Amino acid sequence: MIGSPIAWTGNPHPPEHLRGLACGAYFALSSTDDPVDELLVTGSKCNLRKQLRETWGIIDGESAEETIELLMLGLDAPDYDPVLAAIRSRGSFGRDRIVHDFPALNPSVLDTCLSIVGYTQGRPDVLPGSVAAWDISRLVILVRYSAYLEFLHPYRAWEVILEAGRKAAQVYPDWREYAAGLEWGRAFTVAEGDDRPVRAAEASFAETRPTILQLVMDPTSPWCRLPLR
């Protein structure tokens, strides 16, 4: 076991509900002390309102729904996934060939991704086919926060969480691939626009790795207890 045991309530939620919640387990462990099998979080509502307002612009139910829709459609995956496909197809040291073969790619995003894939130390061994996990994981924790603040009705919150689980299962074969998508997606997002993207990505990987390792290796983790598919 890595770190403290992961908290569960033991509530008898159906497997599909638990799978959806598990998609947000990274934030459940890294940002809260709450159980991984419960919809509502705990803590200061005042602090949470401030966090959602400053980070996401969420101030009420309408803005929560707008952010949910954005993450459901894909906030970062639509930018990075085509670049990942090109790199997986042509290799990380063939920029000219990639630009020639995939002229529609955003050059700035391509350069950032090539730098991180080619030169970052401590990166995950697996290069995912998609970073949708980064969008999905944020979606689930934001839904949990929004339900706790009563921006969302619990019925609506579960509806989104169930869809998040289905989407994750459509994109990834297992939780390890999901973990890779989350780690790479966060690193790309943090590095984009940074003057030193490789350094920024290395810091991101170093920050996410302990929690990711616990989720993929700890027998009390939902990623070990529940199949993604």
Side-chain angles (χ1 to χ4, degrees), residues 2-4 6 22-33 36 51-52 54-57 67 70-71 74-88 91-93 95 98 105-142 144-145 164 167-168 171-172 174-218 221-223 228:
I2 300 175
S4 302
I6 296 173
C23 290
Y26 170 79
F27 288 104
L29 268 63
S30 64
S31 302
T32 79
D33 296 319
V36 294
Q51 178 185 337
L52 291 187
E54 293 179 351
T55 305
W56 291 96
T67 305
L70 183 63
L71 287 166
L75 182 59
D76 291 311
D79 290 329
Y80 296 115
D81 284 4
V83 174
L84 282 174
I87 293 174
R88 287 162 63 96
S92 60
F93 295 99
R95 184 187 188 281
I98 291 174
L105 294 180
N106 184 314
S108 175
V109 174
L110 174 61
D111 288 341
T112 297
C113 293
L114 286 174
S115 296
I116 295 170
V117 172
Y119 301 105
T120 301
Q121 300 294 317
R123 59 182 175 78
D125 294 332
V126 177
L127 183 65
S130 173
V131 296
W134 177 231
D135 290 335
I136 295 169
S137 62
R138 289 179 291 175
L139 170 66
V140 171
I141 195 63
L142 284 177
R144 293 182 68 188
Y145 288 162
K167 183 174 181 179
V171 176
Y172 300 101
D174 53 47
W175 289 114
R176 286 185 177 271
E177 290 281 348
Y178 182 89
L182 191 159
E183 280 199 273
W184 282 99
R186 185 181 190 274
F188 288 149
T189 302
V190 168
E192 186 69 30
D194 194 282
D195 292 338
R196 300 178 65 180
V198 171
R199 182 185 64 177
E202 288 174 346
S204 179
F205 288 134
E207 184 177 344
T208 57
R209 184 54 52 84
T211 302
I212 292 295
L213 285 178
Q214 183 175 15
L215 283 166
V216 299
M217 298 178 65
D218 191 324
S221 163
W223 292 4
L228 180 55

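What's counted below: heavy atoms across the whole structure, side chains too, no hydrogens, waters or symmetry copies. In this text the structure is predicted, and so the values were computed from the model without any measurement.
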Is any side-chain heavy atom of Ser130 closer than 4.5 Å to a side-chain heavy atom of Leu84?
no

Are more than 12 heavy atoms, taken from residues, nucleotides or ligands other than Arg176, located less than 6.0 Å from that residue's CZ atom?
no

Would you check if Asp174 and Glu177 make a side-chain contact, meaning some heavy-atom pair closer than 4.5 Å?
yes

Charged N-O contact under 4.0 Å between Arg138 and Asp76:
yes

Between Trp56 and Leu71, is any pair of side-chain heavy atoms under 4.5 Å apart?
yes

Counting heavy atoms not belonging to Asn106, are there more than 12 under 6.0 Å from its CG?
yes

Give a yes or no answer on whether the side chain of Tyr26 reaches the backbone of Glu183 with a donor-acceptor pair at less than 3.5 Å.
no

Residue Gln121 excluded, over 12 heavy atoms near CD under 6.0 Å
no

Trp175 vs Trp223 aromatic rings, parallel, tilted or perpendicular, using cut-offs 30° and 60°?
parallel

Please report the interatomic distance OG1(Thr112) to CZ(Phe188), rounded to the nearest 0.5 Å.
9.0 Å

Checking side chain to side chain contact (heavy atoms under 4.5 Å, CB included) for the pair Ser31/Ile141: CA distance, chi angles, key distance, verdict?
CA-CA 9 Å; Ser31 302; Ile141 195 63; 5.8 Å; no

Here the pair of heavy atoms bringing Ser115 nearest to Val198 is O-CG2, 3.7 Å

May I ask you to decide if Trp134's main-chain N or O and Trp184's side chain share a donor-acceptor pair within less than 3.5 Å?
no

Between atom CZ of Arg123 and atom CD1 of Ile116, what is the distance when rounded to the nearest 0.5 Å?
10.5 Å

With side chains defined as the heavy atoms from C-beta onward, is the minimum distance between Phe27 and Val140 less than 4.5 Å?
no

State, with a plain yes or no, whether a side-chain heavy atom of Leu75 is found less than 4.5 Å away from one of Thr189.
no

Please evaluate residues Lys167 and Ile136 with respect to the criterion side chain to side chain contact (heavy atoms under 4.5 Å, CB included), reporting the C-alpha separation (whole Å), side-chain torsions for both, the decisive distance (0.1 Å), and the verdict.
CA-CA 8 Å; Lys167 183 174 181 179; Ile136 295 169; 4.0 Å; yes

